[in-house]
There are 2 protein chains.
Amino acid sequence: MSQGKKRKNSGRVTLADVAKLAGVGSMTVSRALRTPDLVSTGLREKIDAAVAQLGYLPNKAAGALASSQSDIVAVILPSLTEFATNEIVLALKSVLEPAGYQLIFTASNYDSQEEEKQVRALLQHSPAALILPGTAHTSQTLKYIENISLPVVELSALTLTPVHINVGVDHHASAYQLTKFLYMKGYRHIGFIGAYTNFGRFAMRLAGWQKAMIDHDMASHRLVLGLSEVSFSVGAELLMDTLARWPDLDAVICSHSELAAGLILEANKQGVKVPEQLAIATFEDPNLCNTLQPSLTTVDIPYADVGTQAAEALLQALIAGNRDKVVKSLGFRVKTRAST
Amino acid sequence: MSQGKKRKNSGRVTLADVAKLAGVGSMTVSRALRTPDLVSTGLREKIDAAVAQLGYLPNKAAGALASSQSDIVAVILPSLTEFATNEIVLALKSVLEPAGYQLIFTASNYDSQEEEKQVRALLQHSPAALILPGTAHTSQTLKYIENISLPVVELSALTLTPVHINVGVDHHASAYQLTKFLYMKGYRHIGFIGAYTNFGRFAMRLAGWQKAMIDHDMASHRLVLGLSEVSFSVGAELLMDTLARWPDLDAVICSHSELAAGLILEANKQGVKVPEQLAIATFEDPNLCNTLQPSLTTVDIPYADVGTQAAEALLQALIAGNRDKVVKSLGFRVKTRAST
DNA sequence: AATTGTGCTGATTGCGCTATCAGATAGCTC
DNA sequence: GAGCTATCTGATAGCGCAATCAGCACAATT
């Protein structure tokens with residue numbers, strides 16, 4: 001019974017088993033599976049039959065080790081629960097999975113320390129590429145990704161110092177445009193409410209709003225609320241208090257759709273007329289914003305495009321094997337709805 | 001320059017590099033990293049220093065090959081865009097990631113052929129466990145997962161023939177209860193609208209509704225619509241036509257929240273009173289259903305619990321190394337809101 | 001003093017695969 | 001038919017790690 005072996009094999013069917021059954025060398029089986037054109041028809045058929053008969057499944061860990069390349073693409077997202085996430089994930093998958101890549105997702109929860117941990121964990125799987133948010137990284141994270149010779153994609157936010165591929169939207173400009181849009185509509189007392197948990201975007205949008213306020217001589221009418229949490233109810237609780245404190249206020253920009261939704265629901269309940277008494281505008285989630293009554297004016301951000309373009313640029317880099325810097329800034333547009 | 005080597009090494013820092021720098025054997029480094037208690041303090045400190053200095057990251061592919069076990073947990077979800085998905089993903093992550101597992105997600109899109117492909121692809125990464133929907137599998141898929149000696153979790157739907165761990169909600173019973181609830185409220189002409197894309201759940205809920213209709217002598221008042229697609233607009237388009245064809249209809253159960261939402265929005269637009277003229281009830285998404293006006297009566301399904309309990313049962317199986325069958329049926333309850 | 005542990009350490013081997021190179025065979029040129 | 005290329009095949013040698021086992025020092029036991 002004891003085979004005198006030092007090591008038990010894992011029990012799985014291996015390349016060698018297939019080779020033996022097909023009566024060929026294992027190298028030929030390996031070729032038949034990866035580059036069938038290099039194997040003669042006769043052998044290929046025998047091998048295919050053997051593979052089917054044994055139900056052979058290649059062991060990718062072994063393949064990755066031997067060839068020092070894998071089909072894993074590691075993706076770090078800021079959060080798993082946001083509208084944008086879903087769009088981006090679907091887009092990435094639709095491009096990268098057909099090309100034979102496996103995606104691994106994790107979330108940093110807008111915490112750069114957590115991101116660093118995730119990067120460390122993911123790099124141990126020697127992925128073919130790394131996709132992560134375009135927001136602030138720790139110096140250790142930067143060290144990891146700069147030392148490593150694999151394509152890196154920074155997503156969603158445009159960076160000043162892109163590592164390699166950077167696809168995103170200029171959040172500063174979008175907030176600027178939204179503010180300007182409200183100004184054109186005649187609003188003069190435009191507040192900004194956001195959550196700084198969302199580190200990158202909050203700051204950029206805030207800055208964009210601020211610049212627009214100054215450029216349009218509204219600098220004296222400033223309300224900024226920085227929250228530590230985002231939800232319908234936080235938005236709802238805010239409304240009456242904010243109106244009481246800033247009676248001049250005629251419009252509000254929310255950094256998150258959920259906040260804006262909370263405001264609207266509460267306004268309906270309290271009899272505050274939107275947009276007559278208060279205009280509300282926000283970013284991103286068209287589904288939610290359309291469902292609400294009145295519907296919400298937003299800056300539509302094409303997150304699906306962010307994902308698609310990022311994936312395509314990545315695929316090119318993967319195929320070409322180059323590390324050329326690619327920066328793509330995607331458009332956005334203010335989508336006027338009933339709330340302004 | 002040429003080293004006469006047959007094979008270039010990958011350029012990454014390896015265990016051996018750390019060992020050389022620390023002046024110890026590579027096996028000791030391996031131990032220091034995985035089972036520090038078995039290494040003396042002096043060497044451990046030297047090794048830690050060397051690891052830090054070199055920025056060493058273990059190569060998990062090599063580790064997986066050598067030990068024939070990996071830290072990857074492969075998860076197949078029916079869809080990435082559903083409410084339930086998000087809840088489940090978060091719950092799985094919160095239990096399994098702290099335990100040191102890496103999750104890989106893919107989606108089968110309610111297609112068992114696609115599921116089979118995904119299973120094949122995922123098994124090549126020799127995962128530590130496989131999590132997949134508890135709905136119908138192809139015979140090939142069953143062959144894969146039955147032959148394989150790894151923990152399998154079937155999620156969300158209860159199965160008649162669980163492979164190993166099965167955590168879910170009895171969709172049949174939930175539809176039955178919801179129908180009964182409407183009956184108690186006085187409704188007698190209760191229709192059912194669903195999408196059969198969602199193979200498992202649709203059939204089970206339909207059956208539950210049907211049973212309840214028969215049990216409560218409403219068998220003669222039956223409307224069933226089986227759709228091939230789900231969205232707000234499909235729901236909206238349906239409303240007037242359905243009312244015209246089934247003038248008796250006083251209540252509708254929708255298999256998907258989105259359909260119900262579409263119906264409500266259209267009812268508001270057309271002046272159809274909910275619930276006076278038509279009651280509407282559905283399943284699952286409390287966020288959406290609460291936001292709507294009138295708010296939607298639903299069967300609340302504790303998807304977060306599904307995820308948590310599945311992950312915990314899995315963790316136990318992983319630690320104990322057993323393959324005991326575990327079946328957990330989670331509760332649900334009818335959440336009455338304004339729409340009924 | 002001889003024996004048996006006990007705790008650490010490292011040499012060796014192999015996990016299952018692919019890169020590399022050396023043959024083998026067939027097809028072609030002159 | 002010699003010489004050459006083009007095409008195919010397989011033997012071998014790692015990839016980086018962990019399982020295994022042997023060795024060694026030192027403490028504990030008799």
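The analysis underlying the following values was restricted to heavy atoms, covering all of them including side chains, and did not include hydrogens, waters or symmetry mates. Residue numbers begin at 1 in each chain, while the letters A, B, ... track the order of the sequences.
In terms of modelled atom types and a separation under 3.5 Å, the side chain of B:His164 and the main chain of B:Asp324 share a donor-acceptor contact. At least one donor-acceptor pair closer than 3.5 Å links the side chain of B:Arg44 to the backbone N or O of B:Val39. Side-chain atoms of A:Ser94 come within 3.5 Å of backbone N or O of A:Ala91 as a donor-acceptor pair. Of the possible polar contacts, one joining the A:Thr159 side chain to the A:Gly134 backbone as a donor-acceptor pair under 3.5 Å is found.
Axis angle across the helix from C:dA1-D:dT30 to C:dC30-D:dG1, with five pairs used at each end and values rounded to 10°: 40°.
What separates CG of B:Asp71 from P of D:dA18 is a distance of 12 Å, to the nearest Å. In this structure, B:Leu65 places its CG atom 13 Å from P of D:dC15, rounding to the nearest Å.
Side-chain atoms of B:Glu115 and B:His137 form a donor-acceptor pair, as typed in the model, at a separation below 3.5 Å. In the model, A:Thr81 has a side-chain atom that pairs as donor or acceptor with a side-chain atom of A:Ser79 under 3.5 Å.
B:Pro151 approaches B:Leu318 most closely through the heavy-atom pair CG-CD1, 3.4 Å.
Listed by first and then second residue, the salt bridge (Lys or Arg N to Asp or Glu O under 4.0 Å) pairs involving residues 14-40 of chain A amount to none (not counting sequence neighbours). Sequence neighbours left out, not one pair with a member in residues 150-166 of chain B passes salt bridge (Lys or Arg N to Asp or Glu O under 4.0 Å). Applying the salt bridge (Lys or Arg N to Asp or Glu O under 4.0 Å) test to every pair with at least one member in residues 52-66 of chain A, sequence neighbours left out, gives these pairs: A:Lys60-A:Asp71.
Within the 4.0 angstrom heavy-atom criterion, base atoms lie near A:Leu15.
The structure places OG of A:Ser149 at 9.0 Å from CZ of B:Arg12, a figure rounded to the nearest 0.5 Å.
Each of B:Asp37 and A:Leu57 has a nearest nucleotide on DNA chain C; the 5'-most of these lies closest to B:Asp37.
Within residues 40-47 of chain A, the residues approached by DNA chain D to less than 4.0 Å at the level of any non-hydrogen atom are A:Ser40, A:Leu43, in residue-number order. Of the residues in residues 25-35 of chain B, those placing a heavy atom less than 4.0 Å from an atom of DNA chain D are B:Met27, B:Ser30, B:Arg31, B:Arg34, in numerical order.
When distances are taken from the side chain of A:Pro58 to each of D:dC15, C:dC17, D:dA18, the shortest belongs to C:dC17.
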